[in-house]
Amino acid sequence: MKFGADFFTTMEPAMQRAFGAMEALEKGAIANPDEKRMVGHYWLRDSERAPTPELRREIEETLSRIKRFANDVHNSRVRGTRGHFLNLLVIGIGGSALGPEFVHAALGTPADRMKVHFFDNTDPDGMDRVLARLETHLDETLTVVISKSGGTKETRNGMLEAKAAYDRAGLEFGKHAVAVTGVGSELDRFATDHGFLARFPMWDWVGGRTSELSAVGLLPAALQGLDIQSMLDGARACDEVTRVKETRHNPAALLALMWHHAGAGKGQKDMVVLPYKDRLELFSRYLQQLVMESLGKEKDLDGKKVLQGIAVYGNKGSTDQHAYVQQLREGVHNFFVTFIEVLRDREGKSLLVEDEATAGDFLEGFFLGTRRALYENDRESITLTIDRVDARAVGVLIALYERAVGYYASLVGINAYHQPGVEAGKKAATAVLELQKQILELLTEKKGQALTVDQVAESIGAGDDIEHVFKILEHAARNPDHGIVRNDGKTPFTATYSR
């Protein structure tokens, strides 16, 4: 990273303010004024830092319950209506899926106690693909539904699709289901009414993108058979190092400062994440939410329009060298790279594929060569080095980036812990579904009459929203669910629709 000789000196006052803000956050300061809530994901791996004895007790009891429940499942003390659980279906979206998916891919082995599957979208075909693998094994499948409010539509839809599959198999859904949700939420009530096997809490002081080390991530990982205590230990150890107020000795502070340097504090360059390890392939997807949802903000803490954010993308090395590294080296210079180097190739010795060279030696060579090639063409990069991909290292990586995001947000004066843009998207989607309801009611009222898009829009007073009317009608006509018949016109826009 080609920062100037005075960069650290210039940034030190801002960095010290960031340290102070982080210290207040960990002590329980209100971090999200929009929702009047604390942000306490750091307490999850060090409950002694929780600001009240009640919170401390809840964290410790929940962790004990997770370990005990997973052990009971593995030893068949908790079982389905027809026997032992061998499969796990995790239903969630955003932070309730990206973290568990990353950890599952990073740490999974053929020896896992349960085989894990995910519903992480409201795509019917995607759910059908998963169910095709599970349909004849649902009696051996435990489903974990994860939603803080229980009202998240994607997760709700996935749960209902899963329940319907269990119903078709003649199985009682509740006897194969667990909920991770807020106390008293819509999902909590559903779980109670349907006799779920267990319910685990999601606290309002843990945001979705920082929830992997809560029940959201720990329960699926424990059921998979992973070492969740080592993940927590790694995160706690990283917190200790990244809490240090000496900037040059704090890796999360250095990371945040390099992001600031690369993008001039305005997110002018994208963050390309290149882990040279197959197990870390999903890390960039996990970081997309953590970084972009936290830092992508229209306004700063004073309400001034700033349009902050850092775009994140990436795949894995050396696959990327055969994909987009050509552009990184010679194309538009709108990025910086984070390489993740893993020193341990595999357990045990490797085959020599050439004289004195293994496949892992080639991977290391491609990493070092790519880094050198980028630097020689004035392209900057950061390198993180870990010994191996194990539970402790995964905990360290999660904690490192959580802290770096918090520091960077302080450096640029934004709130990393709210997401008004996400809520705006949900409200817009709700409006579209209400429009669909009006369209279907109109076509029912005029049953058998073929109407154009213009006629439908005019009849329901949606002339200003005619494109949405067109899209809704086209989608409804392509699927058998609502009984919409489409009659071709000379162009797609002159087609007619009836019910």
Side-chain angles (χ1 to χ4, degrees), residues 34-35 91-94 96-97 119-129 131 145 147-165 167-168 181 185-187 189-190 193 208 292-293 296-299 305 307 418-499:
D34 294 352
E35 300 172 6
I91 303 176
I93 197 163
S96 297
F119 280 3
D120 62 357
N121 201 359
T122 187
D123 177 7
D125 179 60
M127 289 184 274
D128 285 347
R129 292 175 65 193
L131 288 174
V145 186
S147 174
K148 183 183 290 186
S149 69
T152 303
K153 301 305 182 185
E154 297 93 335
T155 304
R156 188 272 319 262
N157 296 350
M159 179 181 71
L160 294 178
E161 291 268 2
K163 181 179 181 303
D167 291 344
R168 289 192 298 271
T181 189
S185 72
E186 184 179 326
L187 174 56
R189 295 192 299 272
F190 185 93
D193 293 343
M292 296 177 71
E293 193 167 273
K297 301 296 160 62
E298 180 181 26
K299 296 179 180 179
K305 193 170 184 177
L307 302 178
H418 69 160
Q419 51 278 339
V422 175
E423 297 307 314
K426 291 179 181 178
K427 290 178 181 176
T430 299
V432 169
L433 289 168
E434 177 58 34
L435 181 61
Q436 174 176 297
K437 182 180 178 183
Q438 294 177 43
I439 291 169
L440 295 176
E441 287 175 349
L442 173 71
L443 292 178
T444 299
E445 180 185 326
K446 298 185 177 295
K447 191 172 183 63
Q449 294 184 39
L451 303 178
T452 65
V453 173
D454 288 320
Q455 289 171 326
V456 172
E458 183 179 353
S459 296
I460 63 174
D464 293 337
D465 211 7
I466 195 166
E467 185 181 8
H468 277 159
V469 174
F470 171 69
K471 291 290 188 184
I472 290 167
L473 284 166
E474 286 289 288
H475 177 258
R478 293 306 195 280
N479 294 281
D481 311 303
H482 302 297
I484 302 301
V485 177
R486 180 184 187 277
N487 303 296
D488 290 342
K490 290 184 178 180
T491 74
F493 311 108
T494 57
T496 59
Y497 308 85
S498 60
R499 193 177 198 185

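- Considering all non-hydrogen atoms of both residues, G92 and A97 come closest at O-CB, 3.6 Å.
- The line from NZ of K437 to CD1 of I472 is 13.5 Å long, rounded to the nearest 0.5 Å.
- Taking all atoms of both residues into account, the shortest heavy-atom contact from S185 to S149 is CB-O, 3.1 Å.
- The main-chain N or O of S147 is found under 3.5 Å from a side-chain atom of T181 such that the two form a donor-acceptor pair.
- One finds the CE atom of M127 at 10.0 Å from the CG atom of D120 (value rounded to the nearest 0.5 Å).
- Between E441 atom CD and I460 atom CD1 the span is 10.0 Å, to the nearest 0.5 Å.
- The shortest side-chain heavy-atom distance between T155 and L187 does not fall under the 4.5 Å cut-off.
- Side-chain atoms of K297 come within 3.5 Å of backbone N or O of H418 as a donor-acceptor pair.
- Summarising the local packing, CG of D464 is surrounded by 12 or fewer heavy atoms from other residues, nucleotides or ligands at distances under 6.0 Å.
- Of the inter-residue distances, the one linking R189 atom CZ with D193 atom CG reads 8.5 Å to the nearest 0.5 angstrom.
- Environment of CD in Q449: crowded, with over 12 heavy atoms of neighbouring residues, nucleotides or ligands closer than 6.0 Å.
- Between D167 and K163, some side-chain heavy-atom pair lies under the 4.5 Å cut-off.
- By the 6.0 Å contact criterion, CD on E467 is open, its count of non-hydrogen atoms from other residues, nucleotides or ligands being 12 or less.
- Put simply, the side chain of I484 does not reach to within 4.5 Å of the side chain of I439, judged on heavy atoms.
- Side-chain atoms of R499 come within 3.5 Å of backbone atoms of H482 as a donor-acceptor pair (strictly under, hydrogens ignored).
- Residues V456 and F470 are not in side-chain contact: their nearest non-hydrogen atoms beyond the backbone lie 4.5 Å or more apart.
- If you take CG on L440 and CD on Q438, they are separated by 10.5 Å, rounding to the nearest 0.5 Å.
- The shortest side-chain heavy-atom distance between F190 and R156 does not fall under the 4.5 Å cut-off.
- Nearest heavy atoms, V453 versus Y497: CG2-CE1, 3.7 Å.
- Put simply, the side chain of I93 does not reach to within 4.5 Å of the side chain of T122, judged on heavy atoms.
- Two residues are said to be in side-chain contact when any heavy atoms from C-beta on lie closer than 4.5 Å; F493 and D454 fail this criterion.
- Taking every heavy atom of both residues into account, H475 and N479 meet most closely at O-ND2, 2.9 Å.
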key: Verdict with reasoning, E474 to R478, per salt bridge (charged side-chain N to carboxylate O under 4.0 Å, His left out)   = CA-CA 6 Å; E474 286 289 288; R478 293 306 195 280; 3.4 Å; yes

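- Contact annotation: the side chain of Q436 never approaches that of H468 to less than 4.5 Å [non-hydrogen atoms, C-beta and beyond].
- Annotation: the span from S498 atom OG to R486 atom CZ amounts to 12.0 Å, rounded to 0.5 Å.
- Minimum interatomic distance between N487 and A450 (heavy atoms only, all atoms of both residues): ND2-CB, 4.0 Å.
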